[in-house]
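Some notes on the structure that comes next.
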Amino acid sequence: MHAAAKILSANNAEHYTWGQNSDGWHLLRNEALSVIEEQMAPGASEQLHFHHKAQQLFYILSGEADFEINKEHYHLHAGETLHIPPGTHHRILNNGDANLRFIVISSPQSHGDRENIE
């Protein structure tokens, strides 16, 4: 028997806070796949880290994102995406003056599979 479909958004999904003034909402959460909508305030950044098993795809919904990936820098705008393979040192930063909203998809889920660098 299959579970009933459930419509989720940041208004009713499981919420958590992380880092510096940042929010996340679990849109899908299981061992094989995680889909999270996240919001970062201006000036917020994530600690440099990597995942042993999880690959991640970041999709920018609004605002602009800066990424540090293996000591290289990338700047993304709304509508752009970036793939992070397992073992890749990375972090996301909001160097802009507006909130940054994005979707991060992890396979398998990244929670419990993170190792900080700094």
Side-chain angles (χ1 to χ4, degrees):
M1 182 182 230
H2 296 283
K6 183 175 181 182
I7 297 172
L8 289 176
S9 72
N11 294 325
N12 65 346
E14 177 188 347
H15 173 260
Y16 66 96
T17 58
W18 62 275
Q20 307 165 324
N21 237 357
S22 300
D23 295 284
W25 296 270
H26 289 283
L27 302 178
L28 175 65
R29 185 179 191 183
N30 63 46
E31 289 183 18
L33 182 64
S34 168
V35 180
I36 300 172
E37 182 174 346
E38 294 190 341
Q39 176 175 277
M40 294 178 73
S45 65
E46 181 179 39
Q47 186 170 359
L48 188 65
H49 67 281
F50 70 94
H51 303 280
H52 292 276
K53 297 178 183 176
Q55 64 176 322
Q56 294 185 304
L57 182 83
F58 288 83
Y59 179 78
I60 308 306
L61 297 170
S62 64
E64 297 181 14
D66 289 298
F67 284 85
E68 180 183 337
I69 301 172
N70 291 335
K71 299 184 180 180
E72 293 186 31
H73 297 275
Y74 300 85
H75 185 79
L76 277 72
H77 298 87
E80 295 180 325
T81 187
L82 188 63
H83 175 249
I84 312 288
T88 303
H89 294 193
H90 67 282
R91 70 179 177 155
I92 185 171
L93 306 93
N94 182 359
N95 292 323
D97 53 8
N99 281 338
L100 167 63
R101 286 186 83 95
F102 58 96
I103 300 287
V104 59
I105 301 167
S106 304
S107 175
Q109 71 175 332
S110 62
H111 287 80
D113 180 43
R114 175 186 169 122
E115 189 166 324
N116 291 334
I117 303 298
E118 300 176 317

Report the distance from atom [atom1] of [X] to atom [atom2] of [Y], rounding to the nearest 0.5 Å.
| X | Y | atom1 | atom2 | answer |
| --- | --- | --- | --- | --- |
| Glu38 | Leu27 | CD | CG | 10.0 Å |
| Asn95 | Glu64 | CG | CD | 10.0 Å |
| Leu93 | Leu48 | CG | CG | 9.5 Å |

Do the side-chain N and O atoms of Gln56 and Ser106 include a donor-acceptor pair separated by under 3.5 angstrom?
->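 There is such a pair (donor and acceptor under 3.5 Å, judged by atom type) between the side chains of Gln56 and Ser106.
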If we ignore angles and hydrogens, is there a donor and acceptor under 3.5 Å between the side chains of His15 and Asp23?
->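 Their side chains do contain a donor-acceptor pair, which is all the 3.5 Å distance test asks for.
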Are [X] and [Y] linked, directly or through other ILVMFWY residues, by side chains that come within less than 4.5 angstrom of each other?
| X | Y | result |
| --- | --- | --- |
| Ile36 | Leu8 | no |
| Trp18 | Ile84 | yes |
| Leu76 | Leu61 | no |

Given side chains that start at C-beta, do those of [X] and [Y] come closer than 4.5 Å, heavy atoms only?
| X | Y | value |
| --- | --- | --- |
| Leu82 | His90 | no |
| Arg101 | Ser62 | yes |
| Tyr59 | Val35 | no |
| Pro86 | Lys53 | no |

Taking atom CG of Asn30 as the centre, report whether more than 12 heavy atoms of other residues, nucleotides or ligands fall under 6.0 Å from it.
->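 Atom CG in Asn30 is crowded, with more than 12 foreign heavy atoms closer than 6.0 Å.
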Give a yes or no on this: more than 12 heavy atoms of other residues, nucleotides or ligands lie within 6.0 Å of atom CD of Glu31.
->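 No, the 6.0 Å shell around CD holds no more than 12 heavy atoms from other groups.
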Would His89 and His49 count as a close aromatic pair, with their ring centres under 6.0 Å?
->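 Ring-ring flag for His89/His49: false, centres at least 6.0 Å apart.
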Side-chain donor/acceptor of [X] to backbone N/O of [Y], under 3.5 Å:
| X | Y | value |
| --- | --- | --- |
| Ser34 | Pro108 | no |
| Asn21 | Ala41 | no |
| Asp113 | His52 | yes |

To check you understand the geometry: which heavy-atom pair defines the closest contact between [X] and [Y], and what is its length?
| X | Y | answer |
| --- | --- | --- |
| Gly63 | Leu100 | C-CD1, 4.1 Å |
| Ser22 | Met40 | OG-CG, 3.6 Å |
| Pro42 | Gly96 | CB-O, 3.3 Å |
| Thr88 | Asn70 | CG2-ND2, 3.5 Å |
| Ile92 | Ala65 | CD1-CB, 4.0 Å |
| Leu33 | Leu28 | CD2-CD2, 3.5 Å |

Out of Glu72, Glu46, Glu68, which residue meets the salt bridge (charged side-chain N to carboxylate O under 4.0 Å, His left out) rule with Arg91?
->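 The single option meeting the salt bridge (charged side-chain N to carboxylate O under 4.0 Å, His left out) with Arg91 is Glu68.
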Measure the acute angle between the ring planes of Tyr16 and His111, then classify it against the limits of 30° and 60° as parallel, tilted or perpendicular.
->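 It falls in the perpendicular class, over 60°.
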Is the Phe58 ring parallel, tilted or perpendicular to the Phe67 ring (thresholds 30°, 60°)?
->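 Judged by the thresholds at 30° and 60°, the geometry between Phe58 and Phe67 is perpendicular.
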